[in-house]
Every structure is written in structure tokens, then in C-alpha cells.
**Q** 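This structure is in C-alpha cells; I'll ask about it shortly.
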There are 2 protein chains.
Amino acid sequence: MGSDRSGRTSWRSRADGLVILPAADYASAGRQERSGMGRQGSRSREQGATADKARVGLRRVAAVAGVSTATVSRVVNRPESVSEELRTRVNLVIEQLGWVPNAAARALSSNRTGAIGAIFPALALGDFARAIDAMQDALAARNHLLLLARSQYDPDLEFSQARKLVERGVDGLVLVGSTRSAAFESFLSRIEIPYLNSFVFDAESPVPCVGPDNAVSMSEMVDHLVSLGHRRFGMIAQTTRNNDRAAARRDGVRNALARVGLAIPPQGLVEGEWDIAEGRKLFRRILDATPRPTAIICGNSMLAVGAVLEAAAAGVDVPGEMSIVGYDDIELMSELPIPITTVRVASDDVGRVAADTVLDMIEGRAVGSQRIRSQIVVRASSGPVPSD
Amino acid sequence: MGSDRSGRTSWRSRADGLVILPAADYASAGRQERSGMGRQGSRSREQGATADKARVGLRRVAAVAGVSTATVSRVVNRPESVSEELRTRVNLVIEQLGWVPNAAARALSSNRTGAIGAIFPALALGDFARAIDAMQDALAARNHLLLLARSQYDPDLEFSQARKLVERGVDGLVLVGSTRSAAFESFLSRIEIPYLNSFVFDAESPVPCVGPDNAVSMSEMVDHLVSLGHRRFGMIAQTTRNNDRAAARRDGVRNALARVGLAIPPQGLVEGEWDIAEGRKLFRRILDATPRPTAIICGNSMLAVGAVLEAAAAGVDVPGEMSIVGYDDIELMSELPIPITTVRVASDDVGRVAADTVLDMIEGRAVGSQRIRSQIVVRASSGPVPSD
DNA sequence: AATCACTATGTAACCGGTTACAACTGACGC
DNA sequence: GCGTCAGTTGTAACCGGTTACATAGTGATT
């Protein structure tokens, strides 16, 4: 130890002060390689001595600061393990050189990327959008990046997106729902990165869940309507294919009704996606049912908006003749001429808690499922059953 | 060449057929290291001979297929440069071993990550949401991943998000708008990765633009209203602070009016964000103006929805007493009791073209700015000026 | 037959960090 | 005076791919 192979004085001999780069070094640092080339054109034989100071990298920082590469790395990653003096000196050099650690190199050697992947059915739907925003903020607060993918409610696409995210290197995965194909399941257990189910809650689940209890929210909604005297129900459910949350909501309604001896007749239960036009169309279909239901429960916000708008267009008095309620509280629900009674889920909490939970899992902490609060917001679209 | 250092027969001697892994090898492959550890526990001295066949990596694939690492790499990246025979053999082994290339290693050595960063003001607004979806699909089609960040219309946040994306390693950047701070500008020119401006169009711009011509769309809208006889205008603009698109739309309106000798009086021009409540509030304010305008142009869809709903609430006949038009065509615009005349921008084209353009730039192809089409969609909310 | 151009493949030096392990230092106890 | 222990710091071997350059093979040309 002591003198390096270039024959210059040892780093130790100049370790007492910050070494300012001579002009020549600045010039060589400025020599920019064309991007996309990626290989050092003319390192030929001389690579040893001084050439490796060209680009700003950890080794360069170490050399200028007069410390080892390990120390620089520690200053960045575990500052408390380095003496005060070295820490400030190294930080100063980092600042001065404008060094930015290369994430790929870091990922390669440390086996973690600092990125979390999340796969949502859609990115712009009210509840998902809010969750994404909150998740991104929560991850950023703990120095992680969010990689988003979109499955369009297609299980195959979801699987392939998961694959891609894993290839790309994510330290954790946030998924939506808890039902998935056997192949996907086995993929998830093979790769050994932590993941969780969001927007669902199941205390028994072996994989952590973060979300509202979809069935319970809907039960409460049924209770609300029953207490208003309603006995004949219709439901415009969100399509339950590939969507266990929607299925849970539908079943929540069914079970709550069953508990008080009621049921939705077959012609009163329809399913649709999540746009206004669909809500309108399905509402029309329910209108034709006899006897006509006095309360209609919609599986999401857009279906509810469609139903309410179509009711107005068809001259149906809401809530005089019929009550209509929804799920998910977007701004529009309270701004329409007839504000809509709905279930409000703290979707931003879903995002925030999901982020924190998956990070905790990565850090090896024990975590459990978390139920996110939801409540019904009563507005003008629900009222007492008509007196016939 | 010929025999490897483990003393086994040379790869060449068994190059004529696919070598099936002996059981012993499978066993050692199954020995899984705990994730998060990342260091090979006991490689101590023996690392050379056969130990490096443990985990599935490119070298392992090469060994099993009886080819060099370079060949495996080429099979993956430039298949056409490898003979048919080797290609199929290697692909078979890749399949058989279930090898997935490590993205970090690839990024480190090739200097490209296969990821594109995009920073949008918000992710769930109609036009951005559609663009994001389309962009993601277009990138996936060319084997790239989209990294999304959100600036919340805050230039500082936008800058810091850009920094983060660059640290994380993106090959290109898609930004929104074309005005930014000098510091951000200089950062963009320092780092040498391609980027473009989306949702704006400027044929003169040195950095490629992909978007509608905000001013022109609004001019057309003004022409439409003027042709209906309107002379007194109001505008609920989207806030123009940190938003050159909104400013362009406002100026487009102003200039088009000026061309026919008209102007919006000061009290007829208000600014708001982008929610319904804001649209309602601002509409009320314009109602108080005297003389009351006969046509109101809104800077985005939510402001227009708010204005139309508030008009209904206030008993203002639309379009009998007053015409109200918007910008951006989301489903709601056509489903409200009074469907709203608006500007429809092909936002998905913005996303698709932006993706292709930035990839072309990365590949060194020459690209130019592209104007994305937009058109006004006339609906019930705009009509002839009232006859006083 | 020697030479040349070209293609297919292998060898090994990288990319830029992290971290196990060793080496050193000073304090403390006996 | 010496062994032990805890706290710092350095050395160098990795992580798992890519690719410049060398080499071998194959016809075609002279």
C-alpha cells in the first residue's frame, strides 16, 4: 500500500486537503464520448495510469478526494459508517465534480434497483389514478421510483407486464386484486421479490392485502337503502370477469340482501364496463323489468353517472321514483344536477399504504394485510322508497 | 482454444448436438441464494472451474449450448448475424434454462436501458391519459418501457423528476410544453439524451415538437362562434402560469377575435385550474359582468362542464341565451343533458407519434416536429347569438 | 496456389458501482 | 507490556452482460 502504480505520490500523502482539479483534467473530462457508442474508443494499451480519470465516476471521485472507492461508496450509502472528516471531504468532491452514480452499475452490483413496479388495470380511472399519485409520492419519500404498467383487465397482459417489470428489475411489485392464473402464481413464487395485492382486503390471505373490503362497503350501502324502505333492487354491476373486486361488490350486495330476505331478480342484474354510455344503456334495460326496482346499485362511478343521466333523460324522478347509488367518489358525483350517493374509498391511502408496505417487505420487516377505510356518502340520489 | 480450463472435453467436440444438463448441474442450479444478499457466500478459492455454472446467466447458457458468450449475446441482440443452426440451438437452451437477461448488466455494458422517461403535469387528465396509454403501447411495440413521472404543473418538480429519470437511466425523454427554466434547459443540453416537447407545435423549434397547434384550434373555435353571430365573448381560461399550452389557447382566442375587431373585456377573462367546482365558480363571476357575454370559451373540459352545469343551476338557457364551448373531448362532454361543443385533439396520436419520434432520435434518425390534428366538434351547447 | 474479401465465431477487456475481508489504529483491561 | 475489541479504511473480486478485435473458414479472383 502507499503508492499507486502510476508512480505518483500515494493518496495518503495528499489526504490532508482537498485537491483541486488541474485545468488539464477538466479538459479531458469535457471530452465527451458520443452517446450510443458506449465503448472507449482509444484506450488501447495505456488504460492503467491516468486515463481512467477521464469520465467522472466513483473511482475519479475517490482519487480526487484521496480516499478509496469503498469509502466513497460508503459515504453515499451508509454515511454513518464513515468519519465526519472524510464524509464532508468526499461530499464536497462529489458536489464539485457533479458526480451522479450510475444506477445500472449500482443495480448490478447490489442486486437492487430502487424501483417498484405496479400493474393497474387502467391508469386514469378515479380510484386508481388517486392511488397512483399517492403511491408515487410515498415511494419518492423513501427514495424509490414507480414503474407503471397497465393490464387493461386482461390477465395475460397482466402476466406479461409483470414479466417485463421483473426483467427490467424491480425490487417489489404492487398488483391489483388477488385472483390470478396458476402460471402467474408460480411465476410470482419463483422470482423471489416481494409483492402485494391492492384494492382488496382479506385478513386470511398469505400475501399481504391493502385495500377496502369491497363486500362490506356494499353491505353498508344495502343497509342504507333498506333502511329507507327499499325492497325491490336492481344492480348495474361492473363486469366481474377478471375482476374480483367487482365480483366482491356484487356478492356483497347479494349477501346483504339475503340477510334481510331479499334478492335481485335475474332481469334486475346487468353487467357493464365503466363508461357513461354503458350506464345509460343498462339502466334502460333495467327500466323495462317488471316490477320495476325502486333502488339501483351501480358498480362504479361512471355507470352511476350514466344511470342518473339516463333517468333524467327518460323522465324518471330520482330519488322520487327511484334511488340510484354508485361506487367510488369522483368529483363529478357531487356536481351533477342530482348529486349521487356513493361509496367513498380512501384510494390515496391504498396507494400510500401499498407503497410503504412493499418497501417494508423489501427491507425484511414483517407486514400484514391492511384494511383501508371506506364510507358511504349520502347525497340526493337516494331517498325513501316511493309510497306506490 | 479448444479445451476449457476445467479439463473437460472442448465445447467444440460436443457442438453437434444439444447437451442436456446432467442431474448434478440441475441440483446446483436449484441451490438458491437468498435474495437481498447478492454476494456469493462461499466462492472462496474455487471460483474458476465449474462453480460459475451455478446461476443461470449468459455464461451458463453459452456453456450448455457449446458456444461463446458473444454468440449468445448476438443471438439475443442481432440474430441475423448468427448462423441459422447456432441460433436455433442457442434459443433452445435459453428456453430450456428459462434464462432472462439481466437488464442492469445489459444497461451497464451497452450504455442503453431500453426505457423512455415521460413527465406529465398530471396522469389522469383526459388528454394526457389517452396519450400515455398510446405512448406505452407504441413503446412496447418497439421493445421499450415507459417510465412515468408527474410534475403537477410545478417547474421545479418537473426538473427534479427529470433528474431522477436521467439518473435512473432513460434513453430518451418526453416532456410536455416548450417553456422551461434556464437551469433545466442547460441540464437538458448537458446530458446527451434526446428529448422532445409534446402537446405543443412549433415548426421553428430546434427541439422536435409533437402536438396540436393550440392557438389554431382555438382560432377555429372563435371563427365558429363568430359565424354564429357572437360578438361579446368571455373566457374561462386554464391557468396560464407554468402552462404554455393554456397560454397559447388564450392567445389564440385573443388573436382570432382581434382579427375581426373584437376583444374580451378584462372582467370577461378569468383563469382557473381544472375541476368542475372551479368552472362553476368562474362562470358565476362572468355572469355578473355587464354587458353579459353571449359566448363563453373554456380552457379545458372540466371548466366547461362546470360552466354548463352552473348555467343550468342558474337558469341560464344554453345555448338560447348563451353559448358555452370547451377544449378536449372526454366522454362526459357528449353525455351531459346539454352536450358540449369542444375541440377534439387526437391525444392518442400525440402519444404514439411522440414515442416513435423519440425512438427515432435515439436511433440517430433525423426527425422533425409533427403537428397533430385537432378539430372542433359542434354540439348543442353552441348556437346562434340570441336576438336580444 | 496465393491473395483478397467477407462472414461466422471466440476471447477477454471492459461498463461503474458494492462489499467481503483484511489491515490498521487506538483504547482498555489485566 | 500485551492481547482483545471496536471502529475505520483500503484492496480487489465480483455483479452479468456487450463488443472491439483477433481468428478461422470459405469462395472468388488473379
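A note on names: the letters A, B, ... follow the listed sequences, proteins ahead of strands, and every chain is numbered from 1.
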**Q** Between B/Arg163 and B/Glu167, does any NZ, NE, NH1 or NH2 come within less than 4.0 Å of an OD or OE carboxylate oxygen?
**A** no

**Q** Rounded to whole Å, please give me the gap between CZ in B/Arg74 and P in C/dA8.
**A** 10 Å

**Q** Could you work out, with salt bridge (charged side-chain N to carboxylate O under 4.0 Å, His left out) as the rule, every residue matching B/Arg142, not counting sequence neighbours?
**A** B/Asp356, B/Asp360, B/Glu363

**Q** Among D/dT19, D/dG10, C/dT11, which is the nearest nucleotide to the side chain of A/Ser68?
**A** D/dG10

**Q** Starting at CD1 of A/Ile94 and ending at P of C/dG16, how long is that distance when rounded to a whole Å?
**A** 16 Å

**Q** Can you identify which nucleotide, out of D/dT11, C/dA12, C/dG17, has its nearest atom closest to the B/Thr69 side chain?
**A** C/dA12

**Q** Rounded to whole angstrom units, what separation is found between the CZ atom of A/Arg59 and the P atom of C/dC14?
**A** 11 Å

**Q** Starting at atom CD of A/Glu85, determine the distance to atom C1' of D/dT9, rounded to an integer number of angstrom.
**A** 12 Å

**Q** Phosphate oxygens OP1/OP2 of D/dT9: is one of them under 4.0 Å from a side-chain N or O of A/Ser83?
**A** yes

**Q** Distance only, no hydrogens: is a donor on one side chain within 3.5 Å (strictly under) of an acceptor on the other, for A/Ser186 and A/Ser189?
**A** no

**Q** Go nucleotide by nucleotide along DNA chain D from the 5' end; which of B/Leu108 and B/Thr71 gets its closest nucleotide reached first?
**A** B/Leu108

**Q** For A/Arg150 and A/Gln161, test the side chains for any donor-to-acceptor distance below 3.5 angstrom and give the result as yes or no.
**A** no

**Q** Would you work out how much the helix from C/dA1-D/dT30 to C/dC30-D/dG1 bends between its ends, with each end axis defined by five base pairs, to 10 degrees?
**A** 50°

**Q** Take atom CG of B/Leu58 and atom P of D/dT19, then tell me their distance rounded to the nearest Å.
**A** 12 Å

**Q** Going by atom types only, do B/Arg180 and B/Asn197 share a side-chain donor-acceptor pair under 3.5 Å?
**A** yes

**Q** Quick check for you: among D/dT11, C/dA8, D/dT18, whose closest atom lies nearest to any side-chain atom of A/Ala70?
**A** D/dT11

**Q** Rounding to an integer number of Å, can you tell me how far A/Trp99 CH2 sits from C/dG16 C1'?
**A** 9 Å

**Q** Just by distance, with hydrogens left out, do A/Asn77 and A/Arg106 show a side-chain donor and acceptor under 3.5 Å apart?
**A** yes

**Q** Measure the shortest side-chain to side-chain distance between B/Leu145 and B/Leu147 over non-hydrogen atoms and say whether it is less than 4.5 angstrom.
**A** yes

**Q** Among residues two or more places apart or on two chains, list those pairs meeting ring-ring contact (aromatic ring centres under 6.0 Å, His included) that have a residue in residues 92-120 of chain A.
**A** A/Phe120-A/Phe128

**Q** Could a donor-acceptor pair under 3.5 angstrom be found where the side chain of B/Ser81 meets the base of C/dA8?
**A** no

**Q** Could you tell me the separation between the CG atom of A/Asn102 and the P atom of C/dG17, rounded to a whole number of Å?
**A** 6 Å

**Q** B/Ser109 side chain: which of C/dT18, D/dG17, D/dT9 is closest?
**A** D/dG17

**Q** Report the distance from atom CZ of B/Arg112 to atom C1' of C/dC15, rounded to the nearest whole Å.
**A** 15 Å

**Q** Between B/Val100 and A/Val82, who's closer to the 5' end of DNA chain D by nearest nucleotide?
**A** A/Val82

**Q** Hey, is the side chain of B/Asn111 poking within less than 4.0 Å of OP1 or OP2 on D/dT18, counting only N and O atoms?
**A** no

**Q** Using a distance-only criterion (donor-acceptor N/O pair, under 3.5 Å, no hydrogens), is the base of D/dG16 paired with the side chain of B/Arg60?
**A** no

